2 protein chains.
Amino acid sequence: MRIDDRKLKILQAVIADYISTAQPIGSRTIAKKYKLGISSATIRNEMSDLEEMGYLEQPHTSAGRVPSERAYRLYVDRLMQIRNLPRNEQEIIIRELGERIDEIESIIRKTARILSQLTRYTSLVINSHLTGCRLRRIHFIPLDSHSLVAVIVTDSGIVKNTIIKTADPVTAEYLESLTRVVNDKFEDITIEELNRCIASEGYKKLAYRYSQLDSFIPVLMEGLSIATGDEVYADGMSNLFNFPEYSDISKAKSLLELIEEKEQLMEIISRIGGKGVVVSIGSELDNTCMKDCSLVTASYRVGGSEIGRIGVIGPTRMEYERVVAVLEFISTYITGMMER
Amino acid sequence: MRIDDRKLKILQAVIADYISTAQPIGSRTIAKKYKLGISSATIRNEMSDLEEMGYLEQPHTSAGRVPSERAYRLYVDRLMQIRNLPRNEQEIIIRELGERIDEIESIIRKTARILSQLTRYTSLVINSHLTGCRLRRIHFIPLDSHSLVAVIVTDSGIVKNTIIKTADPVTAEYLESLTRVVNDKFEDITIEELNRCIASEGYKKLAYRYSQLDSFIPVLMEGLSIATGDEVYADGMSNLFNFPEYSDISKAKSLLELIEEKEQLMEIISRIGGKGVVVSIGSELDNTCMKDCSLVTASYRVGGSEIGRIGVIGPTRMEYERVVAVLEFISTYITGMMER
DNA sequence: GTTAGCACTCTTTAAAGGAGAGTGCTAATA
DNA sequence: TATTAGCACTCTCCTTTAAAGAGTGCTAAC
């Protein structure tokens, strides 16, 4: 059966209504509320067809109908209107995030905050930190006789530091030699390559060649690998309770647990590739806790390469139009901030 | 009326039972479960007295009784046994936190995590960051022609960095002069004093005296103040739902909101002074969202001065003995880590 | 002072009985 | 042939009612 224009209109009406009310919607309501010029009986027949085609579902006989995942997918791909974010909301974002490039952590936290406040959903920010950035230079600052700080500066101006304990005493010559060797070896390498190099046996060779540093190199490697790891932030978890979907405590709990258990969440998000805004609906996320959730994410970049994603999580009945507009704007904005 | 030994025993039984079951407890249950050698009728009379004295409450006539805040206070102050944390749990903590002093953020996050996992309550870590620490040195690393990184090292080995944009071009001489001036001026100052100094008009004088740097000093000050601010971390929020007290969605939501809204939480915690472990029960916290909660916190130190508190939040019916033991141990342990 | 016995109270749970919303089907209509 | 009105039927939700259960307070006996 083909889905003709009238069916599409009815489907759109059901989705729009369900997104805003969370109530199953009946033929009579559609006939009254959305003036489509056809009677409830006709709508009833069409809805029956739509159900057969897998776009609508009935919680039980004699309840109204509810959009299926398939319907949301159709809606996201073809029905919904891509909008620009209203001017005043753009201004809120710009004001809150500021123009100054702070520490990266601070941007991430602020982004998560504003995202959850603006959308009223739970927000996520996953930052692959430096992956893809190029190392510009590593500076070493003495701390005491057997420890120092490695300050890692990337070409995109991101700075991270990590404390390293050394076996040998920290002297001026030691520092100088260290700086020379490390920067010689690692200049202009991407962090991704660096991490691979650490994981491989390569560093042993390096350690061998500079025998006076051999005890140090592995420690440095470990320090760098910690400093360049990924992170996930979540904010607005209490927003989950804005939705009747989560009035069931056990559902809310298991979702909250998933969000707090960053590892799993990270895995789910990292499976989502793609540039720009990506909408993942329900079972597409392939996780039982999230089978009734949608996740909308957008990537942001530094120096052309994706270094993270921001996103919101909520019921499949999500205000996709609005959420997409917000994510589109914020991801572009922070990409701009990072590039500078 | 005096609270004699038998009353105390009965009260203890009620509290212990209620902490573990969350059910109002009746005289018959006590008589059966706790062999006090007296009948349920006698217990009934004593409980009636205890209610009159404000230690017990009845949800309604013909329900069992429930401990009041006053009872918990008595329990915490006089009845409960201070225990050491079992050896195996100590080992879990030591293993998870590790021995190596990472970046401070990492310690904080790990502490919050282990604390919530071990207690099954929601954990908090508030870190007043560098307040109280002494500045050892500020290093400057050039980033590009008009920005640099200030790396702040304190006497306790904590390192923070902040990016600063400059009006003047960043040259070698500029950096050198900057390093000299700033370290001259700020050597051995505590971060607290530094922040005060920033807030005051003092820095203008400084800026005046080193006119070649005048445009820079205010920016540096701002950067330092951001880098040295306070932070609150929370973990294990989903643990709230372990307790029937929060099966009411609206209660759970308002508490979650409070926890996510760090500012208010910070204010509440900072009102709690005192060394070591402090138990705050219900209305003692003076916040409507938390009137049915208890908050148990412990301070940790760096170089003798308190720089933060860790704590757990849960229903007033909290496993105080256990929680106090955990907090005691962890706060001592991370103090030890920081001192090193 | 302590205990047994008993009437009384209040909540919780289950069952029963509408009310309401919405459907599917049939027959009439354009 | 597509659309519409009408109506019986189904299922949920809400309210009412009834019964069960737990615990108390009081009185009288030990």
Side-chain angles (χ1 to χ4, degrees), chain A residues 1-11 13-15 17-18 20-68 71 244-245 247-248, chain B residues 1-11 13-15 17-18 20-68 71 244-245 247-248:
Chain A
M1 198 182 317
R2 238 190 74 59
I3 184 161
D4 59 25
D5 197 53
R6 194 170 68 179
K7 282 193 175 55
L8 230 43
K9 279 217 180 71
I10 292 171
L11 188 56
V14 174
I15 295 174
D17 213 75
Y18 190 69
S20 67
T21 67
Q23 294 296 324
I25 178 169
S27 51
R28 231 176 92 80
T29 317
I30 292 186
K32 269 192 298 185
K33 218 159 151 184
Y34 302 83
K35 314 257 174 236
L36 301 179
I38 44 181
S39 75
S40 71
T42 310
I43 294 175
R44 214 143 47 226
N45 290 331
E46 294 285 43
M47 283 170 89
S48 184
D49 289 349
L50 284 168
E51 181 167 5
E52 209 175 308
M53 295 161 81
Y55 290 108
L56 293 181
E57 285 165 358
Q58 266 184 307
H60 53 85
T61 12
S62 89
R65 281 173 169 100
V66 160
S68 68
E245 280 85 346
S247 57
D248 175 9
Chain B
M1 202 183 314
R2 239 189 74 58
I3 185 160
D4 59 24
D5 197 52
R6 193 170 68 182
K7 282 193 173 59
L8 230 43
K9 279 216 180 72
I10 292 172
L11 187 57
V14 174
I15 294 174
D17 213 76
Y18 190 70
S20 66
T21 66
Q23 295 296 324
I25 180 169
S27 53
R28 232 176 91 82
T29 317
I30 293 185
K32 270 194 297 186
K33 217 158 152 184
Y34 303 82
K35 314 262 173 227
L36 302 178
I38 43 179
S39 75
S40 69
T42 309
I43 293 174
R44 212 139 54 223
N45 290 331
E46 294 286 43
M47 283 171 89
S48 183
D49 288 350
L50 284 168
E51 180 167 6
E52 208 176 308
M53 294 160 81
Y55 290 107
L56 293 180
E57 286 164 358
Q58 265 183 307
H60 53 85
T61 11
S62 90
R65 283 176 169 96
V66 159
S68 68
E245 279 85 346
S247 56
D248 175 8

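The shown structure was predicted, so the numbers you read here are calculated from the model rather than taken from an experiment. Proteins come first, then strands; the chains are lettered A, B, ... in the order of their sequence lines, and each starts at number 1.
The distance between atom CD of A:Glu46 and atom P of C:dC25, rounded to the nearest whole Å, is 16 Å. For the pair B:Leu56 CG and D:dG25 P, the computed distance is 11 Å after rounding to whole Å. A straight line from CG of A:Asp5 to C1' of D:dA2 spans 17 Å, rounded to a whole angstrom. One interatomic measurement links the two molecules: NZ of A:Lys32 to P of D:dT4, which rounds to 17 Å at whole-angstrom precision. Taking atom CD of B:Glu52 as the reference point, atom P of D:dT24 lies 16 Å away to the nearest angstrom. Nucleotide D:dT4 holds its P atom 9 Å from the CD1 atom of A:Ile43, rounded to whole Å. Rounding to whole angstrom units, CD of residue B:Glu51 and P of D:dT24 are separated by 10 Å. Atom-to-atom, CE of A:Met47 to P of C:dG22 comes out at 10 Å; the value is rounded to the nearest Å.
Among the atoms of the strands shown, only primed sugar atoms or phosphate atoms (P, OP1, OP2) are found under 4.0 Å from some heavy atom of A:Ser27. No contact: B:Arg28 has no heavy atom under 4.0 Å from any strand. Contacts of A:Ala63 with the nucleic acid, taken as non-hydrogen atoms under 4.0 Å apart, involve only primed sugar atoms and P, OP1 or OP2.
Closest contact between the side chain of A:Arg44 and the listed nucleotides C:dT11, D:dG23, C:dT23 involves C:dT23. In the set D:dG25, C:dG24, D:dT4, D:dT4 carries the atom at the smallest distance from any side-chain atom of A:Thr42. Picking from D:dT4, C:dT3, C:dG24 the nucleotide with the shortest atom distance to the side chain of A:Asn45 gives D:dT4. Distance from the side chain of A:Gln58 is smallest for C:dT23 among the nucleotides D:dT24, C:dT23, C:dT9. Comparing atom distances between the B:Ser48 side chain and each of D:dG25, D:dT4, C:dA4 picks out D:dG25 as nearest. Side-chain atoms of A:Arg6 lie closest to D:dT3 of the nucleotides D:dT3, D:dT4, D:dC11. With C:dT3, D:dC11, C:dC10 as the candidates, the nucleotide lying closest to the side chain of B:His60 is C:dC10.
Rounded to the nearest 0.5 Å, atoms CG (A:Leu56) and CG (A:Leu50) are 5.0 Å apart.
Judged by distance alone with a 3.5 Å cut-off, a donor-acceptor contact links the side chain of B:Ser62 to the base of C:dT9. With hydrogens and angles left out, the side chain of B:Arg65 and the base of D:dG23 share no donor-acceptor pair within 3.5 Å.
Electrostatic pairing of A:Arg65 and A:Glu51 counts as a salt bridge here, judged by a charged N lying under 4.0 Å from a carboxylate O.
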Exercise for review: Test B:Ile3 against B:Tyr55 for side-chain contact (heavy atoms from CB on, under 4.5 Å), laying out the working first.
Suggested key: CA-CA 10 Å; B:Ile3 185 160; B:Tyr55 290 107; 3.9 Å; yes
Check your understanding: Given the rule in the side-chain contact (heavy atoms from CB on, under 4.5 Å) test, do B:Asp17 and B:Tyr34 qualify, once you have shown the distances and angles that lead to the verdict?
Key -> CA-CA 10 Å; B:Asp17 213 76; B:Tyr34 303 82; 2.9 Å; yes
Review point. Checking salt bridge (charged side-chain N to carboxylate O under 4.0 Å, His left out) for the pair B:Glu46/B:Arg6: CA distance, chi angles, key distance, verdict?
Key: CA-CA 8 Å; B:Glu46 294 286 43; B:Arg6 193 170 68 182; 2.8 Å; yes
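With DNA chain C read from its 5' end, the first of the two nearest nucleotides for B:Gly37 and B:Thr61 is the one closest to B:Gly37.
Of the possible polar contacts, none joining the A:Ser40 side chain to the A:Arg28 backbone as a donor-acceptor pair under 3.5 Å is found.
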